[in-house]
Amino acid sequence: MSVRAACCSGCWMWEILESLSLPDVHICARCAELQLLRDRVRELELQLDDLRLVRESEEVIERSYRQVVTPGPWEADRWVTVRKGKRQVLESTPVAVPLDNKYSCLSTVGGDSLPGGSDSGRASGTEDGPVAQKGRVRRKRSIVIGDSIVRGSDRRFCGGDRESRMVICLPGARVRDVSDRVQDILKWEGEEPEVVVHVGTNDIGRKGEEVLKREYRESGRQLRRRTAKVVISGLLPVPRDSDSRNRIRWRMNAWLWDWSRGQGFKFLDHWDLFWGRSDLFRKDGLRLNRGGTNILAGRFARATGRTLNE
């Protein structure tokens, strides 16, 4: 067993390690513990936001219940005493009862997969087609397009604003699949929508890096035809995958960062947040659990909450 010195990528302090080989990115125990505390604080903040959303929803339901079900003061004047042997006609003034459906928008909610077309994978309700475009001016749209990693992120990303935010999940999708479908997906999304693209995990190990770079470039050209407000979401490390494939993901992220800047896109790097964090993944070591999904969705929301081309 040899003794080697490694430099921490977080605090830039040197540390003596007894190891035959050193990882490409070394993080000392102190920085790792600090990162765990930061991530825990983020998770608690997300849980607090979820509780606030639940409370707001309960208040809306309670107000609706009071408006529709709770008797009004007019009902006290309608009670009369009917004496035995006498008939009395009770006249009353018709009362208007509110009949508006506050939950009608839920009837348009779709699934989170896209087996047959671009519209079947919408994770939040939208009005598509020229009728919606003609009937009212659409709000500025923010859309996440990705593979199965983004499944479930609509709960955090969209929140209570499903009119202007949407998540489209394409399970098993690769970079080329997004290039082929992006025009149909964004067809009715107004001018200059904000688009976050998270794809590429399913391409690692199946094709060479140069081929994957060419497909990213083609995807960028297709996105550029529709909007300039694009966020490229970096690849996540896979805890149970081999070191060689994780090194490919790390190199692709470095290339994506440089390429995105040249295209005027924004690059969103998640590597340090998810590296060594198997607790943010499911048992298969590939898909994110609820905590990991909330962190990723929160980063999507913050990235689209400011100007993309800063």
Side-chain angles (χ1 to χ4, degrees), residues 9 21-27 35 39 112-115 121 143-153 167-182 185 195-223 230-263 265-289 291-293 295-297 299-300 303:
S9 61
S21 61
L22 294 177
D24 294 337
V25 180
H26 173 66
I27 301 177
Q35 187 61 50
D39 293 341
D112 62 348
S113 61
L114 243 177
I143 301 143
V144 173
I145 305 174
D147 51 27
S148 56
I149 296 295
V150 306
R151 186 193 301 272
S153 61
V167 174
I168 297 180
C169 176
L170 309 173
R174 303 181 184 181
V175 176
R176 188 172 180 178
D177 297 325
V178 173
S179 301
D180 294 340
R181 297 184 180 184
V182 67
I185 292 174
V195 181
V196 180
V197 178
H198 184 96
V199 71
T201 300
N202 298 312
D203 293 278
I204 300 299
R206 293 183 172 89
K207 58 188 67 173
E209 293 181 44
E210 294 303 320
V211 175
L212 185 53
K213 290 176 182 178
R214 287 199 300 269
E215 293 184 355
Y216 270 116
R217 293 190 188 100
E218 176 60 25
S219 177
R221 283 191 289 269
Q222 294 297 329
L223 288 166
V230 178
V231 177
I232 301 298
S233 178
L235 300 175
L236 302 181
V238 178
R240 294 193 178 183
D241 210 346
S242 63
D243 292 339
S244 60
R245 289 193 177 185
N246 276 325
R247 280 195 292 269
I248 294 174
R249 294 183 178 93
W250 189 84
R251 288 198 299 267
M252 287 303 303
N253 280 343
W255 178 84
L256 284 170
W257 178 81
D258 185 64
W259 171 75
S260 298
R261 287 202 311 169
Q263 297 295 314
F265 300 157
K266 183 181 180 66
F267 179 70
L268 199 57
D269 185 18
H270 319 287
W271 193 269
D272 291 340
L273 282 175
F274 289 90
W275 176 257
R277 293 296 308 275
S278 58
D279 59 304
L280 298 179
F281 292 80
R282 297 186 183 182
K283 293 182 179 180
D284 59 7
L286 176 62
R287 294 173 296 171
L288 297 175
N289 58 23
T293 300
I295 292 176
L296 187 66
R299 290 176 62 80
F300 290 162

Student: Does R251 count as lying over the ring of W255, i.e. NZ or CZ under 6.0 Å from the six-ring centre, within 45 degrees of the axis?
Tutor: no

Student: Taking side chain as C-beta onward, heavy atoms only, is T201 less than 4.5 Å from L236?
Tutor: no

Student: Roughly how far, to the nearest 0.5 Å, is CG of L268 from CD1 of I232?
Tutor: 10.5 Å

Student: With a 4.5 Å cut-off on side-chain heavy atoms, are R282 and L286 touching?
Tutor: no

Student: Indicate yes or no for a side-chain donor-acceptor contact from N202 to the backbone of A173 under 3.5 Å, with no hydrogens or angles considered.
Tutor: yes

Student: In sequence, state the C-alpha distance, the side-chain angles, and the governing distance for D147 and V178, and then conclude on side-chain contact (heavy atoms from CB on, under 4.5 Å).
Tutor: CA-CA 9 Å; D147 51 27; V178 173; over 6 Å; no

Student: Does the pair K207/E215 count as a salt bridge with the N-to-O cut at 4.0 Å?
Tutor: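 Looking at E215 together with K207, the answer is yes, because their closest N to O distance falls below 4.0 Å.
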
Student: Give me the atom names and distance for the closest heavy-atom approach of I204 to L212.
Tutor: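 Closest approach of I204 to L212: CD1-CD2, 4.0 Å.
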
Student: Going by heavy atoms in the side chains, are V238 and R245 under 4.5 Å from each other?
Tutor: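 No, their side chains stay 4.5 Å or more apart.
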
Student: State, to 0.1 Å, how close H270 and G234 come at their nearest heavy-atom pair, and which atoms those are.
Tutor: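 For H270 and G234, the tightest heavy-atom pair comes out as CD2-O, 3.5 Å.
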
Student: Could you pull out the closest heavy-atom pair between R287 and S148, with the gap in Å?
Tutor: CG-OG, 4.5 Å

Student: Backbone N or O of R174 within a donor-acceptor pair of the D177 side chain at under 3.5 Å?
Tutor: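 Yes; at least one donor-acceptor contact below 3.5 Å.
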
Student: What residues, two or more places apart in sequence or in another chain, satisfy side-chain hydrogen bond (donor to acceptor under 3.5 Å, both in side chains) together with D258?
Tutor: none

Student: Any idea which heavy atoms bring R151 and P171 closest together, and the distance?
Tutor: NH2-CG, 3.5 Å

Student: What's the separation between atom CD1 in I145 and atom SG in C169, rounded to the nearest 0.5 Å?
Tutor: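 Reported value, rounded in 0.5 Å steps: 11.5 Å.
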
Student: For R240 and K283, indicate whether the former's side chain and the latter's backbone hold a donor-acceptor pair under 3.5 Å.
Tutor: yes

Student: Distance check, rounded to the nearest 0.5 Å: E209 atom CD versus D203 atom CG?
Tutor: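 Those atoms lie 12.0 Å apart.
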
Student: So, taking the atom named CD1 in I295 and the one named OG in S153, what distance separates them when rounded to the nearest 0.5 Å?
Tutor: 13.5 Å

Student: Closest approach of G200 and V175, non-hydrogen atoms and distance?
Tutor: CA-CG2, 3.9 Å

Student: Look at the aromatic rings of W259 and Y216 and report parallel, tilted or perpendicular, splitting at 30° and 60°.
Tutor: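 W259 vs Y216 ring planes: tilted.
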
Student: Any side-chain heavy atom of V150 sitting closer than 4.5 Å to one from F300?
Tutor: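 Sidechains of F300 and V150: in contact.
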
Student: Could you tell me which residues satisfy side chain to side chain contact (heavy atoms under 4.5 Å, CB included) with D269, sequence neighbours excluded, listed by chain and number?
Tutor: N253, F267, W271

Student: How long is the span from the CG atom in D241 to the CZ atom in R249, to the nearest 0.5 Å?
Tutor: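 The CZ atom of R249 is 4.5 Å from CG of D241, to the nearest 0.5 Å.
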
Student: Let me confirm one number: the CD1-CD1 distance from I185 to I168, rounded to the nearest 0.5 Å.
Tutor: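 One finds 4.5 Å between CD1 of I185 and CD1 of I168.
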
